[in-house]
Amino acid sequence: MINVPELFGSMVFNEHVMRERLPRDIFKALQNTMKTGKAISSEVADVIANTMKDWAIEKGATHYTHWFQPMTGVTAEKHDSFIQPADGGVIMNFSGKQLIKGEPDASSFPSGGLRSTFEARGYTAWDPTSYAFVKDSVLYIPTAFISYSGQVLDKKTPLLRSMDALNKAALRVLKLFGKTPSRVTPAVGPEQEYFLIPRELYKQRPDLIITGRTLFGARPPKGQELDDHYFGHIKTRVLEYMEDLDKELWKLGILAKTRHNEVAPAQHELAPIYSTVNIATDHNQLTMAVMRKVAKKHDLVCLLHEKPFAGVNGSGKHNNWSMSTSDGENLLEPGKDLKNNLQFMLFLAATIKAVDEHQDLLRISVASAGNDHRLGANEAPPAIISMFLGDEITDLLETLAADREYSNHVGNKLSTGVDSVPIIYEDTTDRNRTSPFAFTGNKFEFRSLGSSLNIACPNIMINAAVADVLNGFASTLEKVAPEDFKSAVLALIKKEYVAHRRIVFNGDNYSDAWKEEAARRGLLNLKSTPEALALYDTPQNVAMFKRLKIYTDEEVRARKDILLENYCKIINIEALTMYDITIKQILPAAVRFSTELADNVAKLTALGVEVSAQRETLGSVASLITAIYRSAQKLSDIQIEVKNEQDLQKSADLCYSKVFATMQELRTHCDMLETLMPKDLWPFPTYGDLLLYV
């Protein structure tokens, strides 16, 4: 029996450890830095570093690493030992200078032209707002990553900048309401979906090993049609994995809360309690790494690709975003007297305007080759960005827009009709599972994120867009006389809602009718990653990022180029893998089967046996072999065309319109062939094997 409170955070250099081990004045100085951003002196850093080192060694650490998040979407680390020569031996040493700044080089990471490989010097800088931790005998220190000239090369730095921008803008607005908290912080709780499959079967699927998804696979007789896996009984092997996963995450201070089976066979979900955005981002990156590691102990493989299997639901990562003050007030909490809660309504109006004006950035923030399989596929929100507010809040805004009187909605009683079951009351808003950006009571759930995504980018976009609007609101209201403040706020809320109400949709986002309605409203429908990324560096977007000091012009364009290049590389790797498997495994197996079948037909015909069914099967297999070969050669030819295109945007467009389309064509033929061939001749495990036998 584990003691969870004792286990939780046991490998984290957290506030409890710091309060216990650091001198009081040092602890206060660090707390001040974490709250205000004030720089730490070298003397304070030395004490913290030495204390951190001693604690880490007690936890079994021999090395430390500056843990950072380059623009690859995953984390990076370089381990240095604590040893230092002394009198023919060594001592364990770690200085404040080593804590605060590292020089990992890391010149081969994508930079979008911000630096060249020969410009090797890059710096990591300690982020004291995210706790250090020990894992695998290494002290991990969360850090930012910048170039020698100070340009941003990672995802953490702009995230921290966006948090600062939101904080400053929100404080300006709150001051007008007579409130003076020291800080406003965005928080998020990212739900994480994933698949578990047997490792022995995974090793037999080169497409899974190389690309993270199955490039071939006919649907099994049973998939998710019966909805019996969703929230169903968790199988023993999976439950044992989940139990170990929780323990490892709890040690690292990660607030893993909920676990359950998801919709698709072999699919599951883990949900944490919310925390500040930068910590939640670090924790989610760490969670994905721990998920994969723990799976190995159970002879399983954890798949985090957005669409590892066709024909069943893919995996997402729902981003539950809110804003709270240092005084503990949630700025997205409607309260009991909704119609008189002007502060909530103003922050809500700011979010509505932000989402409408920056639909492109929200869509861009979740764009990837993997996520293109999900968005709009009736399993995830569509590529069209819209907001769900629920009937009560929408009704309030509509009555305000129409200058009508509003009466507070009283939650209806909900009874089961069973006397022994208590009566419950409905919430302020329902949950619209089809909406990309849904209000869920006191937060917004951005549901479009893919399961493998680093959540930094979506939260940078949300923070920035809302901060920019709040600054505009503050500039308007700061000119208003105190006696006119309430009427001015109401007028501003009305004006902005009327101007941006097109983004609000409470209906079924999966329906074709909504796509037509969204087009009439003038909403963007960016169906693919290349189409979305084309809008990244519009003058409006660049101006906002510069205004908020999150990105420079060059940093915006670098990120666009990195994402375009990454998309092209992923599609190219998938296409090459597909071609290789087709030529070396599928076609030889098909030829072997057709040869055996032809021999049997000849023997049976000689015996006078009726073989029309066998001849028909042989003809189908022969036709498919021809179609597969032609599609494979077509795919190879198109890749040459893409390779010769020098413009990144055009190259990405070709990858989507031609390469991906031809891959789908090739897959269709191969999947049809699988349904005709004996299982023992098919060269790798089928969907039935992978999905139904964990």
Side-chain angles (χ1 to χ4, degrees), residues 206-208 210-219 305-314 363-364 366-380 382-384 448 450 452 512 515 524-535 563-587 590 623-675 687:
D207 49 356
L208 273 177
I210 297 170
T211 72
R213 75 179 182 99
T214 52
L215 301 174
F216 306 96
R219 291 192 179 191
H305 192 285
E306 286 75 14
K307 193 73 173 180
F309 303 101
V312 297
N313 275 20
R363 175 64 181 90
I364 287 164
V366 298
S368 71
N371 214 22
D372 279 356
H373 294 281
R374 293 177 60 249
L375 297 182
N378 280 14
E379 61 173 74
I384 304 165
S448 301
S452 67
D512 290 333
K515 295 174 186 175
L524 296 172
N525 186 4
L526 305 172
K527 298 177 183 178
S528 71
T529 291
E531 190 178 358
L533 292 178
L535 302 180
L563 291 169
L564 285 170
E565 187 175 16
N566 183 65
Y567 176 83
C568 293
K569 286 178 177 178
I570 288 173
I571 297 299
N572 183 56
I573 290 169
E574 289 186 348
L576 289 172
T577 304
M578 200 169 201
Y579 180 85
D580 196 60
I581 292 173
T582 299
I583 298 300
K584 295 180 180 178
Q585 290 186 265
I586 293 176
L587 283 178
S623 295
L624 285 170
I625 288 174
T626 300
I628 288 168
Y629 180 78
R630 287 175 178 170
S631 291
Q633 295 309 311
K634 178 181 174 184
L635 181 61
S636 180
D637 293 341
I638 292 171
Q639 282 180 278
I640 295 173
E641 181 183 350
V642 173
K643 188 176 180 180
N644 291 333
E645 176 56 63
Q646 298 301 307
D647 183 274
L648 275 175
Q649 183 67 57
K650 291 179 181 178
S651 182
D653 290 339
L654 281 173
C655 282
Y656 181 75
S657 63
K658 290 191 175 183
V659 179
F660 182 68
T662 305
M663 288 170 63
Q664 293 297 99
E665 175 189 305
L666 175 57
R667 175 173 186 154
T668 298
H669 298 321
C670 290
D671 289 355
M672 179 62 72
L673 177 65
E674 181 189 333
T675 65
Y687 271 23

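Predicted model only: the values in this text are computed from it and were never measured.
Pairing each heavy atom of S651 with each of V642, the nearest pair is OG-CG1, 3.4 Å. For the pair P308 and G212, the tightest heavy-atom approach, listed with the atom from each and the gap, is CB-O, 4.0 Å. The minimum heavy-atom distance between A380 and R374, with the atom names listed, is CB-NH2, 3.2 Å. Closest approach of T577 to P206, counting heavy atoms only: CG2-O, 4.3 Å. Heavy atoms only, all atoms of each residue included: I583 and A632 are closest at CD1-CB, 4.3 Å. Nearest heavy atoms, M663 versus I571: SD-O, 4.2 Å.
For the atom pair CD of E641 and OG of S636, the computed distance is 12.0 Å after rounding to the nearest 0.5 Å. Summarising the geometry, atom CG belonging to N371 is positioned 7.5 Å from atom OG1 belonging to T529; distances are rounded to the nearest 0.5 Å. Note that CD1 of I625 and CG of L673 are 7.0 Å apart. Values are rounded to the nearest 0.5 Å. A distance of 15.0 Å separates CD1 in I640 from CD in E645, rounded to the nearest 0.5 Å. The distance from atom OG1 of T675 to atom CG of L624, rounded to the nearest 0.5 Å, is 8.0 Å. A distance of 9.5 Å separates OG1 in T214 from NZ in K307, rounded to the nearest 0.5 Å.
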From CA spacing to verdict: side-chain contact (heavy atoms from CB on, under 4.5 Å), F216, T582:
CA-CA 10 Å; F216 306 96; T582 299; 3.4 Å; yes
Give the C-alpha distance, both sets of side-chain angles, the deciding distance and a yes or no for side-chain contact (heavy atoms from CB on, under 4.5 Å) between R213 and E574.
CA-CA 9 Å; R213 75 179 182 99; E574 289 186 348; 2.9 Å; yes
Give the C-alpha distance, both sets of side-chain angles, the deciding distance and a yes or no for side-chain contact (heavy atoms from CB on, under 4.5 Å) between S452 and H305.
CA-CA 6 Å; S452 67; H305 192 285; over 6 Å; no
Derivation and outcome, side-chain contact (heavy atoms from CB on, under 4.5 Å), residues I210 and D580:
CA-CA 12 Å; I210 297 170; D580 196 60; over 6 Å; no
Under the side chain to side chain donor-acceptor pair (under 3.5 Å) criterion, do S528 and D372 qualify, and how do the steps go?
CA-CA 6 Å; S528 71; D372 279 356; 5.2 Å; no
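Checked by atom type and distance alone, the side chain of R667 pairs as donor or acceptor with a backbone atom of G217 at under 3.5 Å. A donor-acceptor distance shorter than 3.5 angstrom exists from the side chain of E531 to the backbone of K527, with no hydrogens or angles considered. Judged by distance alone, with hydrogens and angles left aside, the side-chain atoms of K658 form no donor-acceptor pair with the main-chain N or O of L635 at under 3.5 Å. In this structure, the side chain of R363 engages the main chain of L526 through a donor-acceptor pair within 3.5 Å.
No side-chain heavy atom of C568 sits under 4.5 Å from any side-chain heavy atom of L564.
Not counting sequence neighbours, the partners of Y687 by the ring-ring contact (aromatic ring centres under 6.0 Å, His included) test are F309. Under the ring-ring contact (aromatic ring centres under 6.0 Å, His included) criterion, F660 pairs with H373, not counting sequence neighbours.
Ion pairing of E565 with K569 is present here, as a side-chain N (NZ or NE/NH1/NH2) and a carboxylate O approach within less than 4.0 Å. A salt bridge does not link K650 to D653: none of the charged side-chain nitrogens sits closer than 4.0 Å to a carboxylate oxygen. Under 4.0 Å is where a charged nitrogen must lie from a carboxylate oxygen, and between K634 and E665 at least one such pair does.
A donor-acceptor contact closer than 3.5 angstrom is absent between the side chains of Q639 and Y579.
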